[in-house]
Each structure stands twice: as structure tokens, then as C-alpha cells.
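So the structure is just underneath, and the comments pick up after that.
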Amino acid sequence: YTLVDGNTISDIGENGVYISNSDNVDVTDNGISDVDGHGVKVNPSDYVEVANNTITDIGLDGVNITDGNYAWVHNNTITNTGGDGVDVTNNYDVEISQNSITTTGANGVKVAGSVSALVNDNTITDVVGDGVNVSTSDYTYVTWNDISDIDTAGVRVIDSAYVNVTDNHIWDTYFEGVYANNADNLYVAYNNIHHISDDGVEVYGSDNVTVTSNTINEVSFDGVDLDYVNNSSVTSNTISDTGDNGVEIDYGTNHFVAYNTIDDTATNGVYIYGASGGYEGSVRVYDNDITDAGYDGVYAGNTTALLIDYN
């Protein structure tokens, strides 16, 4: 058992705290500042807790945990990092929760090469990279975070399966609120996404995608944009004040767009192009409430197996 507790650490040429090859590690209640390397670096170790630290003015990542199992990073205040606020790579069973992360040179939270990660109830703001970046990490949950003033995407999911992005407040991002690429079995739900300088939600090249019950408004492009996605469900979203379409689907097979409330779109309420399916209605636009569209309520082009009904 290793305990690093209650220290004041400053003006350090490498890492503030560096733990290697030590299981059952607690790094708690430290003040770490003016560090050229990582604020806290742990590798490779199991059962690691990093909690209640104040970490400021860090050259690389605020917290960097690599190659281990069972990491818990919570209730830290992390400010002004050259790298990520928290970076967890190649880990199993990770929780990153209730941290305040401000002014990072890269991502607010990065999860890479990991399985079973929870990113929950963090406040992430003034970030040069993504608010939360998930890559090659299956079974990741990004929930109940407040993410704002982001230079790229609020949440980015790349090459990961079974990722849930739910109940987040995402606003003031330069690119997408939520962006995913090669993210099969993706679930995006109950998010409040607004003041976005790109699409509210954009998904590319993924199978089995659900986008439901989100509130998306004041976005510069599409509320929801799916490209080359197969087996999608876009339902029960409230989408308003978009600079392009409310919902746009390009290519892919088997799409269900239903029960959405779409208002005040610069172009179309729902736009579908190049989609297909195995039977009539496998591409379906059903029971949507669409008002004040700049062009068409529903536009479909070069699409087969299409049924538009009860809108």
C-alpha cells in the first residue's frame, strides 16, 4: 500500500508525483503546482485512487494513469495544463468523476485503449482539445458532465463500441457537440446541447446508433447528422434554431426518424439522401412535428425503401 497525502509540491522539473509498479495507491489531498512534467503520473499499477488534489500550472497532463486496472480519479481541481486534464490509457475499470478541469492545452478528459470507463459529473471548461475524448475504449459511459468553451468537440468517440453519452450539458464548442466515428452500438441520449459552431450530434461510419431524447438548439449546421451509418434511430429529440437541417442522414441503411420536434431550421426539417433498406419502410420518417423550415419539411433524394407518414 502506497499513500501520498497532504503534501505541497511545487517548482518541479519532471513529475509532481510519480508512482510505478505499485498496487493499492492513494494520492490524496496534495497541492501540486509549477511542474514541468505530469502533475500525477502512475504506471503500471492496479487499484489507484487520485482524489482531492489541487493541481495547477502543469507542463503535461494533470493526471496521467497508464497500464493498470481499477483507477479512480475524483474530486480533483485541475487547472492550466499543457496536456490533458486527465489521461487514462490502457486501463480496465476506470472512474473519472466530480473533477473540476479548466484551461487545458489538450483534452479535458482522455480515455484511450481502455475497457469499462465511467466519465461522470465533471465540470470541464476552456479546453483546447475535446471536452471528453474516447478512443479505442469499449463500454465507456460519459454521463452528467458540464462541458463548455471547447475548441474542438464537446465529446469525441473514435474506434470504440458500446459507448453511452447521456445526460450531459454541452455548450459553446467550436466543432460538434458530440462527434463519433467508427462507434458501433452508440447511444446518445438526454443531453442538452446548445451554442454549437458545427453539428449538434454527428456520427460517421458506425452501425447501430441511437440518438434519442436530446435537446439541441442554436447550432451552426445540422442538429443531428448521420453519414454512412447503418441501423439508426433518431427519436424524441427537440431540435431548434439550426443553421442547416434539423436531421440529416446521408447514405447507410435502415433509418428510423420519429417523434422529433423540429423547429426553425435554416434549410430542411429532415434531409435524407442516398439511404436504402431491404423493404418499404426500413427508411422511415414517422410522426415528427416539423415547423418553420427554411426549405422542405422532409426532403428525400436517391433513397429507396422510404416511407414518410404521419408527420
Side-chain angles (χ1 to χ4, degrees), residues 96 107-111 117-125 127 129-229 232-250 252 257 260 262:
I96 302 166
N107 306 294
V109 173
K110 177 182 176 181
V111 179
L118 172 64
V119 182
N120 177 67
D121 196 22
N122 300 282
T123 299
I124 301 170
T125 188
V127 170
D130 302 315
V132 177
N133 181 292
V134 177
S135 63
T136 58
S137 296
D138 297 344
Y139 300 99
T140 297
Y141 295 81
V142 181
T143 65
W144 294 107
N145 300 285
D146 192 299
I147 300 170
S148 66
D149 192 13
I150 307 299
D151 283 3
T152 54
V155 177
R156 184 182 303 271
V157 180
I158 305 293
D159 299 331
S160 303
Y162 298 98
V163 175
N164 287 16
V165 181
T166 63
D167 297 290
N168 300 285
H169 182 199
I170 302 171
W171 53 290
D172 191 16
T173 70
Y174 192 76
F175 290 110
E176 301 84 359
V178 177
Y179 176 83
N181 188 333
N182 191 26
D184 294 346
N185 300 291
L186 174 71
Y187 184 72
V188 180
Y190 304 107
N191 300 286
N192 181 8
I193 301 172
H194 61 94
H195 293 89
I196 305 298
S197 297
D198 203 295
D199 298 322
V201 176
E202 180 177 351
V203 183
Y204 183 91
S206 304
D207 295 340
N208 306 318
V209 171
T210 299
V211 181
T212 186
S213 303
N214 301 282
T215 299
I216 301 171
N217 62 76
E218 296 190 62
V219 300
S220 295
F221 297 119
D222 301 316
V224 177
D225 183 4
L226 307 183
D227 300 300
Y228 297 96
V229 168
S232 76
S233 174
V234 181
T235 61
S236 302
N237 300 285
T238 300
I239 300 171
S240 62
D241 193 8
T242 70
D244 200 350
N245 303 293
V247 176
E248 178 173 341
I249 296 175
D250 295 298
V257 181
N260 299 287
I262 301 173

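These figures come from a predicted structure and were not determined experimentally.
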Rounded distance [0.5 Å steps], [atom1] in [X] versus [atom2] in [Y]:
X    : Y    : atom1 : atom2 : answer
F221 : D244 : CZ    : CG    : 8.0 Å
D225 : N245 : CG    : CG    : 8.0 Å
S206 : Y228 : OG    : OH    : 13.5 Å
Y190 : N168 : OH    : CG    : 13.5 Å
D151 : Y174 : CG    : OH    : 9.0 Å
R156 : I150 : CZ    : CD1   : 11.5 Å

Could I get the full list of side-chain contact (heavy atoms from CB on, under 4.5 Å) partners for A161, not counting sequence neighbours? D138
Option among V178, V224, N192 that satisfies the side chain to side chain contact (heavy atoms under 4.5 Å, CB included) test with I216: V224
So does [Y] get a backbone contact from the side chain of [X], meaning a donor-acceptor N/O pair under 3.5 Å?
X    : Y    : result
N122 : I96  : yes
D222 : G246 : no
N145 : V119 : yes
N214 : V188 : yes

For [X] and [Y], test the side chains for any donor-to-acceptor distance below 3.5 angstrom and give the result as yes or no.
X    : Y    : result
D159 : S135 : no
N208 : D184 : no
T212 : T235 : yes
D172 : H195 : no
H194 : E218 : no
S137 : S160 : no

Are [X] and [Y] packed together at the side-chain level, in the sense that at least one heavy-atom pair is separated by less than 4.5 angstrom?
X    : Y    : value
F175 : D130 : no
N164 : T143 : no
N237 : I262 : no
V201 : V234 : no
W171 : D146 : yes
S232 : L226 : yes

Might you work through the side chain to side chain donor-acceptor pair (under 3.5 Å) test for S148 and T125, ending with a clear yes or no? CA-CA 5 Å; S148 66; T125 188; 3.2 Å; yes
Applying salt bridge (charged side-chain N to carboxylate O under 4.0 Å, His left out), which residue pairs with at least one partner in residues 198-212 are found, sequence neighbours left out? none
Before giving the answer on side chain to side chain donor-acceptor pair (under 3.5 Å), spell out for D241 and N217 the whole-Å C-alpha distance, their side-chain angles and the decisive distance to 0.1 Å. CA-CA 5 Å; D241 193 8; N217 62 76; over 6 Å; no
Of all heavy-atom pairs linking A183 and V157, the shortest is CB-CG1, 3.9 Å
